[in-house]
Every structure is written in C-alpha cells, then in structure tokens.
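Everything below concerns the one structure shown next.
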2 protein chains.
Amino acid sequence: MSGKTNAVSVLDRRATRRAASRAEIVEAAWLLVREQGLAGLSMRDLGDRVGMRAQSVYSYFDSKDDIYDAMFRQGYEEQLAWMADDEGAAGGSEDPATRLRVMAHRFFAFCTSDPVRYQLLFQRTIPGFEPSSASYAVALAALEQMHAGFARAGITDPDAADLATAVLTGLTSQQIANDPGGMRWERLVDRAGTMLLREVAPHLLAKTRKPTTRVRRTP
Amino acid sequence: MSGKTNAVSVLDRRATRRAASRAEIVEAAWLLVREQGLAGLSMRDLGDRVGMRAQSVYSYFDSKDDIYDAMFRQGYEEQLAWMADDEGAAGGSEDPATRLRVMAHRFFAFCTSDPVRYQLLFQRTIPGFEPSSASYAVALAALEQMHAGFARAGITDPDAADLATAVLTGLTSQQIANDPGGMRWERLVDRAGTMLLREVAPHLLAKTRKPTTRVRRTP
DNA sequence: CTATCTTCCTGACTATGTCAGGTAAAACGA
DNA sequence: TCGTTTTACCTGACATAGTCAGGAAGATAG
C-alpha cells in the first residue's frame, strides 16, 4: 500500500508543478495583454515576466496561439462561473423581468470588468487564431448557459434569444469602446432589458415591479 | 497667365501622381487585410502587392500606423457616403418608423459588407493605433450623421440614441462574429427597429404600416 | 541644359516567433 | 544511496517583420 501511495503522489508532484507553471504563464499573459493589448503580447516579455527565456515557454506551450487558447478557455470558464450565480443574486425571485435584468447586469459586468478578455472571447482580434475543440466546447457551454438563463426569464424562441444576445453585446461593446470604465451604457441596462422583454414576451412584463438590480462585481 | 497655368499644372502632376500612389497603397492594404486579418498586414506583403520594396512604402507613409490611419479615415468617409442616402431610400416617406428601419438596414449592410473595415472602425484591434485628429474628425462627422438620422426618426434623447447605437452595433457584431455572410441577425433588423422605437418613442409607432425595407448594398 | 525633387533601390538594424541542441536539476526506481 | 530518466531551463540560431540610412536613376522645374 505504502509503495503505491508513493508512486501516485510523486507522479502527481510533477504534474502539479507543471500545471502550476502553465497557470503562472497564463496569468502573466493576462497581465501583459492588459498592458499592451491582446495582439501586443510577446513571448520574450512573457518569459521575462515569469523569470525564464521566451524559448523556455515553449516547453510548456506549443505556440503563442496555444497560450491564447488557454486564455480563451479560461475566459469562458470565468464566464461560466460568473454567470452561474444569476439565480442566487435574484434572491430566488420567480419574476422573469427581474431575472433578465439581473442576468443582463451580470453579463455586462463580466464583459466590462476585463475588456481585453472580452476582446479575446467575442472578437476576432488575432489573425489565424482558432480555439481548440476543447476550448470551443467551454465556449459552447457558456452559450448554452446564457440560453438557459434567457429561458428562465421567459425567452425561449431562438430569434428572441438572438435579439437578446445582440442587445447585451451591443451595450457592452459600446461601453467598452466609447466609455471605458464609465457608466454611459451601464445606465441603460435595465431599460434595455425591459425593452427586450416587451418585444419578445410582453405578457411577462405586466404588473412587474422593478427591484434593485445591482449585482456584485466579482464571481 | 500662361506661365502661371504651367506652374500650377506641373505641381499638380506631381501631387496627383503621389496621391494616386498613396491611394493604390491603401487599396492594396484593404485587399491584404481582408485576406490576412487586420493585424496580419505586413509592409513587405504590401510593397510586393504594389510592386515595390517595403522600405519604399515609407516614402509615402510615415509608418504602418499611418496606413491604418488612412484606412480608418477612408472607412469613415465610406460610412458617410453610404449613410447619406437614407432619406432618398425611404422614398421621401415621413414615417419615423420606416426611417429608422431603413437606416438600421443601411448601417447593418455597411458594417457586414466588409467585416475587417468594421473591425478597424469600431474595435480596438491594433495595439497602439490611435487615429489622427484629421481622421477622428471624420469619425465624429459620421457619428453626428447617425444622430441626425436618429433624430429624423424621432429619436432625439441622448440615452435613446445610445440605446439605438447599442442595438445596431449589437446586431451587426453578432452577425459578423457568429454568422459571417449569413442572415441570422439580419432577419431581426426590422424587429429590432420596432422594438427600439416602442421603447423610446412609442407614439411614433401608432398605426404604422411596415413597408418593404430592403435597401441597396452599394452606396 | 542644369539643378532640384521624387521614386525607387540596397543594406542594415532591432524586435519577434520559434526551432535545435545541450546541461543541470529534479524526480523516480531499485 | 546511487544510477537512470525526465524535466526545466539555457544558448545559439534562423526567418520574418517594422523601420532607418544612404544613394542612384528618373521626373520635373527653371
């Protein structure tokens, strides 16, 4: 028994350290892209940031795109975690309109809290970069999660969901592009949610009271 | 008189040829970015495309960013031209709802007809690139033109205009990112226009008949 | 025609992504 | 503990990319 335990824990030590180094590199990459822009990431800067040569980073990642891929995956995992609390934040309320507003605010907060992450997840900034199938699967999971959230708010029709994603991404992209760090479009989130519901499910809007919809900024 | 005419026309010949070469370079840049992505533009490829060495391009433009700047300016000039016909296309109709729909379709068509242009005009794809004041002035003119178009459709409140820009850019960015060349979000443009007007100027929607809103794809 | 300006060239430099080969350290197994 | 294997880093190098410097040839002006 004790011999077996030893072998398992030692194999795990290597894997654990390697995974930690990879995570450290990805974290350093996030810091750098926030300073220099997504396409401004350089392998030499990245290596310097974690205390090794650029070429050494290649013993952890196959290519620069591989690093973007890890970041892409992590970004969508963060979205999944961030948006997973939308039921709790609504205080268990069954009111669809409130659900939608809470969800809209959460999504808005997620996107605007890290514009470069938004860029990587939702725009095609890096020529030639395509997410791996594993990372893309996480993106699809996040999209399904969004649709599930819409459905809980009474939006089940595919066209309605498309309209919803357009409105949400429009608000966030305008905020990020034209008023970074500000509130110009944030102030319109509730109104946009109401507008949307009135269009796609007006019956859900009847006699609805608007509660406070401030949500936390951290997942 | 004739001596004066001669001097003017000869100076003009040089300026004319230089301007033509610059335009040729910018046009080649558009072709290349459509093939390789906005950030994938290389000066060597660009020089090859117009029949000169990369270094020679620097006798026409100060830097790569200077070329992006010329493209940025041209892109917004194209938007100004494209959106200038929105009154004519509505057939002189005074109906605000129709105006808004026509305008929405025009903007949508402009953006989706050249995704890489959309990227340069509306996203921050190139790290460090900032438009010159001259080019930015054209962008501001295009924005004012949009606001004038909204006003003609009955949308005059700043918040309402912000909501409108969010909806329009949301539709186009979703179309470009998720269904390039398709119609998934294009099918929703009319509906989105109606939704918007119902929210910001519901009185303008009373008894409104929905005419055909197909617009031309070229300015 | 001469002088000036413009348009291109070659050569070169620094920065960047990435490959190849190798050494020292860490981990593993007996 | 020791020998072996694996891993984690290094240096050196290559091709490509943005851009500067100097210069020759062609176009233009007087």
Side-chain angles (χ1 to χ4, degrees), chain A residues 1-26 28-29 32-33 35-71 126-129, chain B residues 2-25 28-29 32-33 35-71 126-129:
Chain A
M1 292 293 287
S2 108
K4 217 176 184 182
T5 302
N6 196 22
V8 168
S9 75
V10 171
L11 273 175
D12 200 53
R13 178 173 174 76
R14 271 190 179 169
T16 300
R17 294 187 70 170
R18 183 177 176 79
S21 294
R22 282 176 59 102
E24 189 186 348
I25 290 165
V26 171
L32 281 170
V33 293
E35 290 168 24
Q36 301 173 343
L38 192 57
L41 179 67
S42 100
M43 301 298 280
R44 283 173 170 84
D45 285 345
L46 186 54
D48 289 345
R49 196 52 77 92
V50 295
M52 65 174 76
R53 289 298 138 110
Q55 301 92 313
S56 304
V57 177
Y58 287 88
S59 59
Y60 292 95
F61 292 92
D62 288 339
S63 63
K64 191 176 175 183
D65 273 3
D66 200 19
I67 295 172
Y68 283 127
D69 189 66
M71 294 166 76
I126 309 298
F129 169 63
Chain B
S2 105
K4 216 176 185 183
T5 304
N6 195 20
V8 169
S9 74
V10 171
L11 272 176
D12 200 53
R13 179 174 173 78
R14 274 190 172 167
T16 299
R17 295 187 69 170
R18 182 177 177 80
S21 293
R22 280 176 61 101
E24 189 186 346
I25 291 166
L32 281 169
V33 293
E35 289 169 25
Q36 302 175 344
L38 191 57
L41 178 66
S42 101
M43 301 299 280
R44 285 173 168 83
D45 285 345
L46 186 53
D48 289 345
R49 196 51 79 92
V50 296
M52 66 175 76
R53 289 297 136 113
Q55 301 92 316
S56 305
V57 178
Y58 287 88
S59 58
Y60 293 93
F61 291 92
D62 288 339
S63 64
K64 192 176 174 184
D65 273 3
D66 200 21
I67 294 171
Y68 282 128
D69 188 68
M71 294 166 76
I126 309 298
F129 169 64

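Everything quoted here is computed from the prediction, not taken from an experiment. Protein chains get the first letters and strands the later ones, always in sequence-line order, with residue 1 at the start of each.
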Taking only side-chain nitrogens and oxygens of [X], does any of them come within less than 4.0 Å of OP1 or OP2 of [N]?
X        : N       : value
Arg13(B) : dT28(D) : yes
Tyr60(B) : dC8(C)  : yes
Arg17(A) : dA27(C) : yes

Write down the atom of [X], the atom of [Y], and the distance for their closest heavy-atom approach.
X         : Y        : result
Tyr68(B)  : Leu38(B) : OH-O, 2.7 Å
Ile25(B)  : Leu46(B) : O-CD1, 3.5 Å
Asp45(A)  : Gln36(A) : OD2-OE1, 3.4 Å
Ile126(B) : Ala39(B) : CD1-CA, 3.7 Å
Pro127(A) : Gly40(B) : CG-N, 3.5 Å

Could you write out each protein N or O paired with an N or O of nucleotides 9-11 of chain C at a distance under 3.5 Å?
residue	atom	partner	partner atom	Å
dC9(C)	OP2	Arg53(B)	N	2.6
dC9(C)	OP2	Ser56(B)	OG	2.7
dT10(C)	OP2	Arg53(B)	NH1	3.2
dG11(C)	O6	Gln55(B)	NE2	2.7

Which residues in residues 37-46 of chain A have a heavy atom closer than 4.0 Å to any atom of DNA chain C?
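Contacting residues: Leu41(A), Ser42(A), Met43(A), Arg44(A).
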Take Met43(B) and Ile67(B), measure what side-chain contact (heavy atoms from CB on, under 4.5 Å) needs, and give me the verdict at the end.
CA-CA 10 Å; Met43(B) 301 299 280; Ile67(B) 294 171; 3.6 Å; yes
Considering only side-chain heavy atoms of Tyr58(B), which listed nucleotide, dC20(D), dT18(C), dA27(D), is closest?
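For the Tyr58(B) side chain, the nearest candidate turns out to be dC20(D).
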Rounded to whole angstrom units, what separation is found between the [atom1] atom of [X] and the [atom2] atom of [N]?
X        : N       : atom1 : atom2 : answer
Leu32(A) : dG17(C) : CG    : P     : 11 Å
Lys64(A) : dA15(C) : NZ    : P     : 16 Å
Arg18(A) : dC9(D)  : CZ    : C1'   : 12 Å
Arg14(B) : dT7(C)  : CZ    : P     : 8 Å
Asp66(A) : dG17(C) : CG    : C1'   : 14 Å

Sequence neighbours left out, cut at 3.5 Å: what donor-acceptor pairs do the side chains of residues 51-63 of chain A make with other protein atoms?
residue	atom	partner	partner atom	Å
Ser59(A)	OG	Ser56(A)	O	2.6
Ser63(A)	OG	Asp65(A)	N	3.4
Ser63(A)	OG	Asp66(A)	N	3.1

Worked verdict on Thr16(B) versus Arg13(B) for side-chain contact (heavy atoms from CB on, under 4.5 Å)
CA-CA 5 Å; Thr16(B) 299; Arg13(B) 179 174 173 78; 5.5 Å; no
Side chains of Met71(A) and Val33(A): closer than 4.5 Å at any heavy-atom pair?
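Sidechains of Val33(A) and Met71(A): in contact.
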